[in-house]
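Everything quoted here is computed from the prediction, not taken from an experiment.
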Amino acid sequence: MKVAQVLHMNGGVGHASYANNSLVQQKVICLTKPIREEAITSLYCNTVPRSLAVADLGCSSGPNTLLVVSEFIKIVEKLCRELNHKSPEYKVFLNDLPGNDFNNIFKSLDSFKEKLCDEMESRIGPCYFYGVPGSFYGRVFPNQSLHFVHSSYSLHWLSKVPEGVDNNRGNVYIGSTSPTNVARAYYEQFQRDFSLFLKFRAEELVKGGRMVLTFLGRRSDDPSSKDGGYIWELMATALNDMVLQGIIKEEKLDTFNIPLYTPSPSEVKLEVLKEGSFAINRLEVSEVNWNAFDDRNALEFESERSDTLSDGGYNVAQCMRAVAEPMLVSHFGEAIIEEVF
């Protein structure tokens, strides 16, 4: 699998699009808001830059893409009013792999700017937006060009499927039946990738810059635990059923593995300490239900959509489809997609 070519969320605004099935990710962004607010406030008060460069890595497309950008600008503008400072200019860099639906983002920029201006009490500094396609496991920006880096729900994706997992038959990730070498191969690939990520971001950030990263992870130290990859075990179960029904060839399933790793807090901390460029201010674990409509905070969204949204299984399947469909189509073809989900 050539990850850079096939790893992207479902584009557009259709019923299976990421734009219409990313409420789980939105809940995570809302959940981590206090951490970002603390980091942004510390950044501004310690550096007071006249021009602020912000990068969102793995930005995807849809309603979540500009949420953090809006939040960042509002926090800085509030600080400027309190400190009687002139508003800085904002350079916003939106990064994802080349297959991302950047066109959808660009089409939404005018309405985003209008909405932001309407919500602010006073004029804000000028904002400049840039789309930056490319893998964040390589260099993406010039030396010391960024003040703030944000990434949410992206860093659990690996740069490639680990080597040496050919014996992971019947699984698509680390499962309860995976041989021990599979978990080790996935972890070692995560170590290599995350270490490179830290190294390159350290080169791109200014001195005193801040970074807030949110992973899909796990509490347990066991990589095959249910809080790590159980959702992929469910997908493997569905695919195995389709093998038994003759819809998919067994060898096709046995050669399909997801380029993903859900790290534990200790694994994240270890890599940061080993790489050495960053200090950790906060490292926290939170739990979010895969069914985005599991609480009343989602009521306003629920009222706008079909009654089928009361079906938790449907919600989770749609969320997974928006994320995994391009990879599945690349390997198995389009004909199986409706049946899988």
Ring centres under 6.0 Å, that's the criterion: do Tyr130 and Phe141 meet it? no
Interatomic distance, Asp56 atom CG to Ile105 atom CD1 [nearest 0.5 angstrom]: 9.0 Å
Rounded to the nearest 0.5 Å, how far apart are OH of Tyr44 and CG of Leu79? 7.0 Å
Separation between CD of Glu271 and CZ of Phe190, rounded to the nearest 0.5 Å: 6.0 Å
Let me confirm one number: the CD1-NE2 distance from Ile40 to His147, rounded to the nearest 0.5 Å. 13.0 Å
Gap between atom CZ of Arg201 and atom OG of Ser277 - 0.5 Å precision: 11.5 Å
Check the orientation of Tyr187 and Tyr261. Use parallel for under 30°, tilted for 30 to 60°, and perpendicular for over 60°. tilted
Ionic contact status for Glu284 with Arg282, cut-off 4.0 Å: yes
Give the C-alpha distance, both sets of side-chain angles, the deciding distance and a yes or no for side-chain contact (heavy atoms from CB on, under 4.5 Å) between Lys86 and Arg50. CA-CA 8 Å; Lys86 183 181 177 183; Arg50 297 306 319 132; 3.5 Å; yes
Could you tell me whether the side chain of Asn168 and the main chain of Ser178 form a donor-acceptor pair under 3.5 Å? no
So how far is it from Leu158 CG to Tyr137 OH, rounded to the nearest 0.5 Å? 6.0 Å
Under 3.5 Å, is there a donor-acceptor pair between the side chain of Thr255 and the main chain of Glu251? yes
Derivation of the side-chain contact (heavy atoms from CB on, under 4.5 Å) call for Leu198 and Met211: CA-CA 10 Å; Leu198 294 169; Met211 189 157 67; 4.0 Å; yes
Might you work through the side chain to side chain donor-acceptor pair (under 3.5 Å) test for Arg36 and Thr32, ending with a clear yes or no? CA-CA 7 Å; Arg36 283 190 303 279; Thr32 52; 2.6 Å; yes
So do the side chains of Lys160 and Pro259 get within less than 4.5 Å of each other, counting heavy atoms only? no
Considering only heavy atoms from C-beta outward, does the side chain of Glu188 approach that of Pro162 to under 4.5 Å? no
Under 4.0 Å between a Lys/Arg side-chain N and an Asp/Glu carboxylate O for Lys74 and Glu77? no
Do Arg210 and Glu38 sit within salt-bridge range, that is, some charged N less than 4.0 Å from a carboxylate O? no
Of the options Val76, Leu146, Val92, which is the one that meets Leu52 in a side-chain contact (heavy atoms from CB on, under 4.5 Å)? Val76
Are a donor atom and an acceptor atom from the side chains of Gln245 and Asp241 found within less than 3.5 Å of each other? no
Could you tell me which non-hydrogen atom of Asp254 sits nearest to which non-hydrogen atom of Gly170, and how far apart they are? OD1-N, 3.1 Å
Should the pair Tyr153 and His156 be assigned to parallel (<30°), tilted (30 to 60°) or perpendicular (>60°) ring geometry? perpendicular
Does this structure show an ion pair linking Arg139 with Glu204, if we count only N-O contacts that are shorter than 4.0 Å? yes
Below 4.5 Å, heavy atoms only, C-beta onward: do Ile73 and Val54 meet side chain to side chain? no
Side chains of Cys59 and Asn100: closer than 4.5 Å at any heavy-atom pair? yes
Aromatic ring pairing Phe112/Phe129, orientation class (parallel under 30°, perpendicular over 60°, tilted between): perpendicular
